[in-house]
Amino acid sequence: MNVRRTVTAIAATAVIAAAAAPTATAAPATAPAAPDAPGLHGSTDPTYDGVWRQSLTLLAQDTTGVRPAAQAVDWLTAQQCADGAFAAFRADPAAKCGAKTPVDSNSTAAAVQALAALGGEDTAVRDAVRWLRSAQNPDGGWGYLPGGPSDTNSTSLVAGALTAAGTAPDGVRSKKGKNAHDALLKLSVPCGADGGGAFAYQPDKKGVLAANADATAAGVLGGLDRTLATKAAPAADPATCAEPRTAADAARNGAAHLVTALAAKGYLVSSLAGAKDQPDHGNTADAVVALAAAGLTDRADRTVTWLKRDGAAWAAKSGPAAWSQLVLAAHATGADPRDFGGTDLVQRLNATGPAPESVPDAKDTAAEDGKDTGDNAKDSKDDDGGPAVIWIVGIGLLVGIGIGILLSGRRKKRQK
């Protein structure tokens, strides 16, 4: 949710031409300097991930009791179009959105989750949800771009947004009477197939579903109607794959698949044609959140330990969205984000943008950590131009126009 993230469609096309599959360790395209965007977290060009990284930042800050800067919240709300949708980034928020404004379901859903968690932005949330409902596909799911084929990641992000806004995803139905759960069930790999129990990103041209770890992590949250800022569910045992009758069944199958996928190394990997497999920190953090949502937090212990050891170095290169993913993984599993392997994730995330309105002291934070609140209905800036950021929306755009692959920067990567 991946994190994932971004390049222009042209740059993404060039990279894809040079490599068979994207990876979170691919060398990022050179990005121009970030335009003057007061309130935005991160220091690199926000053209393809501005709303995504800002939304994840605000959401992650909220889970730690941090009250984000009003300027940061204003930056995000100013990105919204009059019809409620969000694009990845609008350089001139004062200009009206037109037919050529590339609004998308992922930016919109992420913004809804963040603004709903913060509160006080009811109109923005209501308008965004209305737009998401208008972009629903006949099969009940969502594609990255309105009208694009449904995919697991987009459908799950929107399901989380609906949940955050107080709307039950199974009650939002297309003109054919289908909902997000119906779409996710069709994207669940059959138990008897290779990778059975996982989710596919999308069917291939022949309709075959291929297991994808990134999509599986997203699908678990979507099938359980959980947001990106979920907390751990009551402890459960991994399910043996059984043909799912409900989206929740498919989510449990997906979580069991992630347990198996993480068993070998304790983390997920990404592959780039001709290159050595590399650890995929962002996808791994998402998998941890998914396992916690499914009640398998104990099965993520080894992976959390790995993230504590190696995650900070990755996030320092990748920026706000990456720091946010680590915070959300800590939140989901009950780990301390202020001492995550010796790193204060909260401080590092806060340092990527304007100073927050307030930051709880350690005693207040410790008290809050003992409460289970359920899902949430500038001195220096870290570099956010790392590989995890380069792949998100640019590749999503390619998906929407029939060229591409995944959303959020880690789509259709070969996982092990």
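Reckoned from all heavy atoms, side chains included, excluding hydrogens, waters and symmetry mates. Numbering of residues begins at 1 and proceeds along the displayed sequence.
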- Rounded to the nearest 0.5 Å, how far apart are OG1 of Thr333 and CZ of Phe340? 6.5 Å
- Euclidean distance, Glu357 CD relative to Gln71 CD, rounded to 0.5 Å: 9.5 Å
Which pairs would a plain distance check flag for residues 77-88, meaning a side-chain donor or acceptor within less than 3.5 Å of a matching protein atom at least two apart in sequence or in another chain?
unit_1: Thr77; atom_1: OG1; unit_2: Val73; atom_2: O; d: 3.3
unit_1: Thr77; atom_1: OG1; unit_2: Asp74; atom_2: O; d: 3.1
unit_1: Gln79; atom_1: OE1; unit_2: Arg90; atom_2: N; d: 2.6
unit_1: Gln79; atom_1: NE2; unit_2: Arg90; atom_2: O; d: 3.1
unit_1: Gln80; atom_1: NE2; unit_2: Gly84; atom_2: O; d: 2.9
unit_1: Gln80; atom_1: NE2; unit_2: Ala124; atom_2: O; d: 2.9
unit_1: Asp83; atom_1: OD1; unit_2: Ala85; atom_2: N; d: 3.0

- Query: Under 4.5 Å between any side-chain heavy atoms of Val112 and Leu162, yes or no?
  - Reply: no
- Message: What's the separation between atom CG in Leu185 and atom CG in Asp139, rounded to the nearest 0.5 Å?
- Response: 11.5 Å
- Query: Can you name the nearest heavy-atom pair linking Asn179 to Arg173, along with the distance?
  - Reply: ND2-NH2, 3.4 Å
- Message: Are there over 12 heavy-atom neighbours, none belonging to Arg67, within less than 6.0 Å of that residue's CZ?
- Response: no
- Would you check if Leu262 and Leu268 make a side-chain contact, meaning some heavy-atom pair closer than 4.5 Å? yes
- Contact summary for Thr352 and Trp323, nearest pair of heavy atoms: CG2-CD1, 4.2 Å
- Note on the structure: Minimal heavy-atom distance between Thr227 and Leu221, with the atoms involved, is O-CD1, 3.9 Å
- For Ser154, does its backbone N or O pair with a side-chain atom of Asp151 as donor and acceptor, under 3.5 Å? yes
- Message: For Ala218, is there any backbone N or O sitting under 3.5 Å from a side-chain donor or acceptor partner on Ser156?
- Response: yes
- Item | Steps toward side chain to side chain contact (heavy atoms under 4.5 Å, CB included) verdict (Asn350, Gln61) | CA-CA 8 Å; Asn350 291 345; Gln61 287 180 320; 2.9 Å; yes
- For Thr64 and Pro337 the tightest heavy-atom approach is CG2-CG, 4.1 Å
- Determine whether Gln325 and Leu56 make a side-chain contact, defined as any pair of heavy atoms from C-beta on separated by less than 4.5 Å. yes
- Please list all pairs passing the salt bridge (Lys or Arg N to Asp or Glu O under 4.0 Å) test where one or both residues lie in residues 247-260, with sequence neighbours left out. Asp249-Arg252
- Task: Nearest 0.5 Å please: distance from the CZ atom of Arg133 over to the CZ atom of Arg130.
- Result: 11.0 Å
- Query: Mind checking whether Pro279 and Thr284 have side chains closer than 4.5 Å, heavy atoms only?
  - Reply: no
- Query: Checking Gln347 side chain against Arg338 main chain: does a donor-acceptor pair fall under 3.5 Å?
  - Reply: no
- Leu59 vs Ser324 side-chain heavy atoms within contact, under 4.5 Å: no
- Message: Measuring from atom OG1 of Thr163 to atom CG of Asp225, what distance do you get when rounded to the nearest 0.5 angstrom?
- Response: 4.5 Å
- Task: Any chance you could lay out the side chain to side chain contact (heavy atoms under 4.5 Å, CB included) test for Leu209 and Lys186, step after step, and finish with the verdict?
- Result: CA-CA 9 Å; Leu209 299 173; Lys186 288 190 174 182; over 6 Å; no
- Message: Donor-acceptor check, side chain of Trp52 to backbone of Ala110, threshold 3.5 angstrom: yes or no?
- Response: no
- Using a 4.5 Å cut-off on heavy atoms from C-beta on, say whether the side chain of Asn137 contacts that of Pro149. no
- Query: Looking only at atom types and distance, does a side-chain atom of Ser105 sit under 3.5 Å from a main-chain N or O of Leu145, one as donor and one as acceptor?
  - Reply: no
- Message: side chain to side chain contact (heavy atoms under 4.5 Å, CB included), that's the test. Do Lys265 and Asp277 meet it? Break it down for me.
- Response: CA-CA 12 Å; Lys265 297 178 180 292; Asp277 288 351; over 6 Å; no
- Any side-chain donor paired with an acceptor under 3.5 Å for Asp310 and Trp314? no
- Can you tell if the side chain of Leu228 reaches within under 4.5 Å of the side chain of Val289, non-hydrogen atoms only? no
- Could you grab the distance from atom CG of Leu326 to atom OG1 of Thr343, nearest 0.5 Å is fine? 9.0 Å
- Could you tell me which non-hydrogen atom of Ala251 sits nearest to which non-hydrogen atom of Gly219, and how far apart they are? CB-O, 4.3 Å
- When you measure from the side chain of Thr152 to the backbone N and O of Ala200, does any donor-acceptor pair fall under 3.5 Å? yes
- Message: One pair to check against side chain to side chain contact (heavy atoms under 4.5 Å, CB included): Ser188 and Phe199. What are the steps and the verdict?
- Response: CA-CA 4 Å; Ser188 176; Phe199 284 89; 4.2 Å; yes
- Message: Please check this pair: side chain of Ser150 against backbone of Gly143, looking for a donor-acceptor N/O pair closer than 3.5 Å.
- Response: no
- Message: Testing the basics here: between Arg226 and Ala233, what is the closest heavy-atom pair and its distance to 0.1 Å?
- Response: NH2-CB, 3.5 Å
- Query: Do Asp280 and Val269 come close enough that some side-chain heavy atom pair is under 4.5 Å?
  - Reply: no
